[in-house]
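The next block holds one structure in the form of structure tokens; read it before the comments.
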2 protein chains.
Amino acid sequence: MARRRQAVTIKHVAADAGVSMQTVSRVINKEPNVRPEMQARVQESIDRLGYHPSIAAQRMSGSRSYLILALNDRERTIAEWQSRQGSDWVDQMLLGGMLKCAEHGYRMIFELVDTHNDHVERELKAAIAALQPDGVILTPPHSDNPLIVGLLDEYGIPFAQIGSSGGEGGSAGGIPLIMGDTQASSNATQHLIDLGHERIGFIKGPDDYVLSRWRENGWRSAMDEAELSAEGLSAQGDFSPASGRIAALQLLDLADPPTAILASNDHMAISVLEVAQERELAVPGDLSVISFDNTPIAALANPPLTAIDQPVAETTSRAVELIIAAKRGAKRPDSPIDIPSKLVLRASTAPPASATTRRKSGT
Amino acid sequence: MARRRQAVTIKHVAADAGVSMQTVSRVINKEPNVRPEMQARVQESIDRLGYHPSIAAQRMSGSRSYLILALNDRERTIAEWQSRQGSDWVDQMLLGGMLKCAEHGYRMIFELVDTHNDHVERELKAAIAALQPDGVILTPPHSDNPLIVGLLDEYGIPFAQIGSSGGEGGSAGGIPLIMGDTQASSNATQHLIDLGHERIGFIKGPDDYVLSRWRENGWRSAMDEAELSAEGLSAQGDFSPASGRIAALQLLDLADPPTAILASNDHMAISVLEVAQERELAVPGDLSVISFDNTPIAALANPPLTAIDQPVAETTSRAVELIIAAKRGAKRPDSPIDIPSKLVLRASTAPPASATTRRKSGT
DNA sequence: CTGAAAGCGCTAACAC
DNA sequence: GTGTTAGCGCTTTCAG
């Protein structure tokens with residue numbers, strides 16, 4: 001007996017409470033201008049009848065859809081899921097975003113879209129038309145995609161840009177959120193400097209991620225500040241283990257190789273670990289390693305990696321909050337929200353073995 | 001300029017193509033009784049205008065919602081996300097389910113509900129009323145929850161029960177899918193027996209998961225068949241590392257301890273590994289270990305664990321297919337769909353060290 | 001502060 | 001084959 005119609009509707013509640021549908025609607029939406037006694041009576045009916053509004057109907061009548069769309073890069077996300085390397089980016093988004101949505105009666109829907117594809121626009125339009133989301137959460141590398149940002153602005157849909165500083169002028173509806181990449185990168189580098197390292201290598205992320213630049217900048221600025229040369233100590237990677245291996249080889253083959261390496265993500269750091277092992281370099285004895293992201297493999301690596309933890313859950317949670325607030329008419333923050341990343345100390349960092357034998361001034 | 005109304009509706013398309021809305025609707029839904037030339041003309045308008053139907057409106061008019069609800073256990077799922085141990089159950093569900101949904105124009109929405117809570121019913125009713133999903137995917141331990149199953153049957157919503165054999169009579173709309181637990185467990189045990197093990201311990205999962213029993217049964221039957229005693233070789237666990245430790249201790253403290261242990265999930269197996277290390281038992285030299293699930297930590301453990309891989313993505317994908325088929329009126333399969341789990345051989349299993357010194361007949 | 005009327009975008013049920 | 005009519009459940013006007 002597939003009764004496809006709503007079991008109990010606003011009409012039933014109205015009849016039960018002896019009021020108009022309108023009043024019930026007001027109670028549901030916590031609108032003012034309802035006498036406490038009315039509100040109580042209606043609420044009682046709602047509870048007793050087990051009434052829950054249909055978001056489809058709410059959406060139809062021009063109100064909210066209570067849906068927030070989270071957009072991730074299709075190719076990379078699927079690759080991560082299939083590789084089963086334990087990256088929990090999506091899980092952390094769910095943890096932060098879904099739970100925050102639930103608190104407000106919203107729901108989060110995940111969608112994968114191709115960045116490098118002419119279809120982005122079509123895909124996004126389709127998703128918006130189909131779902132009519134109240135907000136959209138963009139993740140790298142979509143966060144700075146002008147096509148996506150432009151479309152969202154045009155539609156007037158509030159959206160969060162995780163991992164984006166919002167470009168130059170910012171956009172009408174975009175709320176940029178960053179995870180302190182530059183600062184964290186600089187802190188991590190400083191940590192290595194404090195340990196006594198002077199030759200600190202850096203493995204960059206791919207250029208289509210803005211945060212690749214931030215991470216590099218943080219490293220470079222800490223090196224500069226300590227008056228250490230960064231010359232030749234940066235190698236290009238693309239987040240893949242293979243690229244990490246190539247970069248590690250490049251750095252360790254240097255005439256004066258680094259005693260520490262900061263890798264732009266965990267996978268590349270693991271590759272560094274592997275290369276070190278092949279070369280019989282002890283970690284952290286001969287080589288210290290720090291990675292970005294702190295996905296589960298960082299803790300499970302051998303040795304466990306000191307890593308910069310990305311507060312993905314917290315950031316997503318804030319993104320949801322800000323979108324919902326924007327819906328309610330709150331004005332957007334005028335500078336990017338910055339949720340700081342913390343350095344998690346584990347076993348892959350130590351003072352350089354040859355600390356005293358090297359040409360230098362400090363300890 | 002927040003235009004909350006649909007940008008281009010079926011009306012626009014109808015006007016543009018010079019036909020009635022109904023005809024457009026028929027084209028969208030690929031219904032018969034439309035002349036090819038009409039269908040082409042309408043399709044042309046749809047494409048040119050960039051029209052996409054609103055699922056809210058489709059739902060409102062009594063048709064599908066194109067939404068499939070996936071229900072997971074709240075407490076356990078959140079604990080997994082927070083522990084950051086790399087369990088990718090949810091990711092694999094997304095991989096299998098989301099992609100399959102997308103193929104058919106559906107969307108999957110995740111929702112967490114408390115099993116051990118009086119509110120299950122209320123929560124589920126709320127989700128159904130709000131979303132009007134076309135189908136629901138149940139995961140353990142919800143799959144066999146009579147309250148949930150009963151409610152879904154009553155509402156006439158097709159649903160998949162992952163990890164359930166469907167109980168006695170089965171239910172009207174329930175489609176049980178299992179992942180070959182018994183067989184896999186028996187195979188894994190047999191693998192150890194083939195290796196020469198005779199004392200094979202088993203660490204059970206919690207009783208509120210049916211699959212705990214299946215896994216135990218598989219082990220027990222393989223032991224029986226090989227005429228090996230299982231007496232005292234099973235220890236209770238609850239999937240947590242702590243419980244795995246206690247169970248490992250219990251088994252290894254036996255007067256005649258096992259030379260191999262089959263743990264009902266990866267976490268408990270890791271605990272076994274830890275206990276072994278503390279006791280200076282080499283794995284796999286002195287003790288072989290096999291785990292269930294094969295989440296990413298299994299491969300990352302030291303040594304990497306031989307594990308029984310749960311085909312979560314494939315199962316979820318099939319679940320979605322079957323739900324959509326059921327919607328289209330296909331009759332449900334009359335026995336549980338069984339997607340076999342495969343044993344992934346890694347470095348935690350080997351013949352027992354003392355193989356020749358033990359009382360026995362074989363090699 | 002409360003109610004009545006109109007309509008959102010779409011499809012089921014009928015006519016033609 | 002195609003068009004017309006009515007209505008899904010809710011919220012927006014706008015009256016009172």
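Note that the coordinates shown come from a computational prediction; the quantities given were computed from them, not determined experimentally. A note on names: the letters A, B, ... follow the listed sequences, proteins ahead of strands, and every chain is numbered from 1.
- Salt-bridge annotation for E314(A) and R318(A): absent, with no side-chain N of the basic residue lying under 4.0 Å from a carboxylate O of the acidic one.
- Remark: side-chain polar atoms of S143(B) are paired, donor with acceptor, to backbone N or O of L138(B) under 3.5 angstrom.
- Atom-to-atom, CD1 of I55(B) to C1' of dG9(C) comes out at 13 Å; the value is rounded to the nearest Å.
- When the P atom of dC10(D) is taken as reference, atom CZ of R59(B) falls 11 Å away, rounded to whole Å.
- Remark: E44(A) engages R48(A) in a salt bridge, criterion side-chain N to carboxylate O under 4.0 Å.
- The CZ-C1' distance, from R41(A) to dG3(C), rounds to 14 Å in whole Å.
- Computed from coordinates, the H12(A) NE2 to dC8(D) P distance equals 10 Å when rounded to whole Å.
- The separation between M60(A) atom CE and dC10(C) atom P is 7 Å, rounded to whole Å.
- Rounded to a whole Å, the CD atom of E31(B) is 6 Å from the P atom of dA12(C).
- R41(A) has no carboxylate O lying under 4.0 Å from a charged side-chain N of E37(A), or vice versa, which leaves the two without a salt bridge.
- Closest contact between the side chain of S63(A) and the listed nucleotides dC10(D), dC10(C), dT11(D) involves dT11(D).
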Each nucleotide N or O in nucleotides 2-6 of chain D that has a protein N or O under 3.5 Å away: list the pair and distance.
unit_1: dT2(D); atom_1: OP1; unit_2: R35(B); atom_2: NE; d: 2.5
unit_1: dT2(D); atom_1: OP1; unit_2: R35(B); atom_2: NH2; d: 2.7
unit_1: dT2(D); atom_1: OP2; unit_2: R35(B); atom_2: N; d: 2.6
unit_1: dG3(D); atom_1: OP2; unit_2: S20(B); atom_2: N; d: 3.0
unit_1: dG3(D); atom_1: OP2; unit_2: S20(B); atom_2: OG; d: 3.0
unit_1: dG3(D); atom_1: OP2; unit_2: T23(B); atom_2: OG1; d: 2.5
unit_1: dG3(D); atom_1: N7; unit_2: R26(B); atom_2: NH1; d: 3.4
unit_1: dG3(D); atom_1: O6; unit_2: R26(B); atom_2: NH2; d: 2.7
unit_1: dT4(D); atom_1: O4; unit_2: Q22(B); atom_2: NE2; d: 3.4

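- Following rounding to the nearest Å, I28(A) (CD1) and dC10(D) (P) show an atom-to-atom distance of 6 Å.
- Looking at the side chain of I10(A), the nearest of the listed nucleotides dC10(D), dG9(D), dC10(C) is dC10(D).
- In this model, the phosphate group of dC10(C) is not approached by any side-chain N or O of Y66(B) to a distance below 4.0 Å at OP1 or OP2.
- A side-chain donor-acceptor contact under 3.5 Å links R74(A) to the backbone of L112(A).
- Taking a cutoff of 4.0 Å between a charged side-chain nitrogen and a carboxylate oxygen, D134(B) and R64(B) do not qualify as a salt bridge.
- Proximity note for Q58(A) (side chain, C-beta onward) versus dG9(C), dT11(C), dC10(D): the nearest is dC10(D).
- Under the 3.5 Å distance criterion, the side-chain polar atoms of S164(A) are left unmatched by any main-chain donor or acceptor of Q161(A).
- Distance, K11(A) NZ to dA4(C) P: 13 Å, rounded to whole Å.
- Between dC10(C) and S25(B), no contact under 4.0 Å exists linking OP1 or OP2 to a side-chain N or O.
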